[in-house]
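Since the structure comes first, as structure tokens, the remarks are kept for the end.
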Amino acid sequence: MRKSVIFSIFFIILFVFILNSAFAQRGTANADTINIRFASPLPRNSEWGRALDRLAADWQRVTNNQVRVVVNHDGREGSESDMLLKLNSNSIQVALFSSAGMTEICPAIMNLSVPFMIRNEAEFDLVLENLLPAIESRVRNEYVVLAWSKGGWVYLFSKEPVFTPDDLRRQKLATSHELRDMNTVFRSMGFQLVETDWNVIGQRLASNMVNSIYVIPALIAPMHLHRQLNHMLELPIAPIVGAIVMNRVTWNKLSPAHQQELLRATRRMGAEFDASMSRTETAAISTMGRDGLSVNRPSQAQSLQWQTELNNTLPSLMGSVFDRELYNRINDILIRHRGAR
């Protein structure tokens, strides 16, 4: 009888222990939920904004809600420099950066946007295929690049027609203080730059403090700035590339399985976005054209002037703005490609 009582007590204790363990494990799962603040400088009501919202939902789905994501659109986390500081302090955990922001993480990125060097989408794809792994290896250890994405081509928009570098020197060219390297290039070429915040560009145009800007068409069209800057030079200045970056503190909290799931989901979105970017840009230019934008095509001689002036400027910028080794590798790729056509 006594032995039976002892066994009964033992099984009760064992049952309670198992029950407590189950609740403890459930509590641990809740405690292990990773909350992510995802910062984006781009508008919520845009193709980019909607894609990021879908990505956030994908992350939650593939991790069975163990990763919970809130996307802060519209630059609510500040400039890209502000976003990087917050990423470092873990105030945010993930951010979408343009080429400008990525140069602070990996200065070599600037080599992909040398003005007038890469001339079309085929050349850009070839350069990315050959050099992106080498560039990614230079990203600082504090960060993980979840995906790269092409962001379109920068064009010049102006109130008066611009065909040559001398035409642009007579303009007041709006730029952002965050585009430090590009600003260095353009100042070296003798252009008048006026640093201004994007959210007040309309006021600056109305007061004629600026009368030209370089930007991707997909950003200028939704703001209807082409109604003031109603001339576009049909000469792509440079391609830009963006990246979705997570700080390593957050990355290391993820299980290896969840790391791979997030990479797959993010790179799938990046590939889909790349495929649609060219169509988005073409549609933006077409829409603005129907709304009064004049697309001005330079002659071959005028296009050559831009290239010649840049080539005269570049030697003084090697080693400071541009990485000489990467620049030479890109140049070699382009020379071989153009020679093979």
Q. How far apart are the C-alpha atoms of Glu121 and Lys150, what are their side-chain angles, what is the distance that settles it, and do they pass the salt bridge (Lys or Arg N to Asp or Glu O under 4.0 Å) test?
A. CA-CA 10 Å; Glu121 203 70 26; Lys150 292 187 288 187; 2.8 Å; yes
Q) Under the 3.5 angstrom rule, does the side chain of Asn111 hit a backbone N or O of Asp323 as a donor-acceptor pair? A) yes
Q: Before accepting this row, confirm whether a basic side-chain N of the pair Asp58/Arg61 lies closer than 4.0 Å to the acidic partner's carboxylate O.
A: yes
**Q.** Any donor-acceptor N/O pair, Ser212 side chain to Lys172 backbone, under 3.5 Å
**A.** yes
Q.
Looking at Arg37 and Asn72, would you say the former's side chain and the latter's main chain have a donor-acceptor pair under 3.5 Å?
A. no
Q) In terms of the angle between their ring planes, are Phe191 and Trp306 parallel, tilted or perpendicular, with boundaries placed at 30° and 60°? A) tilted
Q. Is there a donor-acceptor pair under 3.5 Å between the side chain of Ser113 and the backbone N or O of Met110?
A. no
**Q.** Atom pair CZ/CD of Arg140 and Glu104 - distance to nearest 0.5 Å
**A.** 8.5 Å
Q.
Are the side chains of Arg119 and Leu334 in contact, using a 4.5 Å heavy-atom criterion?
A. no
Q. Checking side chain to side chain contact (heavy atoms under 4.5 Å, CB included) against Tyr214, which of Val154, Leu168, Leu233 comes through?
A. Val154
Q | Residue pairs fulfilling ring pair (Phe, Tyr, Trp, His ring centres under 6.0 Å) with at least one residue in residues 253-296, sequence neighbours excluded | A | Trp48-Phe273
Q.
Can a donor-acceptor pair be found, under 3.5 Å and without considering hydrogens, that links the side chain of Gln171 to the backbone of Ser158?
A. no
Q) For Gln307, does the CD atom have more than 12 heavy-atom neighbours from other residues, nucleotides or ligands under 6.0 Å away? A) yes
Q: State which residues pass ring pair (Phe, Tyr, Trp, His ring centres under 6.0 Å) with Trp251; sequence neighbours excluded, sorted by chain then number.
A: none
Q) Would you say the side-chain atoms of Lys253 pair up with the backbone N or O of Ile34, donor to acceptor, closer than 3.5 Å? A) no
Q: Can you measure from CG (Leu42) to CZ (Arg50) and round to the nearest 0.5 angstrom?
A: 12.0 Å
Q) So, do Phe97 and Ile105 sit near enough that their side-chain heavy atoms are less than 4.5 Å apart? A) yes
Q. Taking all atoms of both residues into account, what is the closest heavy-atom pair of Met232 and Ile285, and its distance?
A. CE-CD1, 3.9 Å
Q. According to the interplanar angle, ranging from 0 to 90°, do the rings of Tyr327 and Phe322 count as parallel (below 30°), tilted (30 to 60°) or perpendicular (above 60°)?
A. tilted
**Q.** Stepwise side-chain hydrogen bond (donor to acceptor under 3.5 Å, both in side chains) check, Glu80 with Ser98
**A.** CA-CA 8 Å; Glu80 293 192 53; Ser98 69; 2.6 Å; yes
Q | Heavy-atom donor-acceptor pair, Ser149 side chain to Ala243 backbone, under 3.5 Å | A | no
Q) Taking Thr266 for the side chain and Leu263 for the main chain, is one N or O donor matched with an acceptor at less than 3.5 Å? A) no
Q. When you look at Asp166 and Arg169, which way does the salt bridge (Lys or Arg N to Asp or Glu O under 4.0 Å) test go after all the steps?
A. CA-CA 5 Å; Asp166 280 340; Arg169 290 188 182 97; 2.6 Å; yes
Q.
Treating Arg44 as the side-chain partner and Asp74 as the backbone partner, does any N or O pair qualify as donor plus acceptor under 3.5 Å?
A. no
Q. Is there a donor-acceptor pair under 3.5 Å between the side chain of Gln203 and the backbone N or O of Val200?
A. no
**Q.** Separation of Ile330 CD1 from Leu112 CG (nearest 0.5 Å)
**A.** 5.0 Å
**Q.** Within 6.0 angstrom of Arg297 CZ, more than 12 heavy atoms from elsewhere
**A.** no
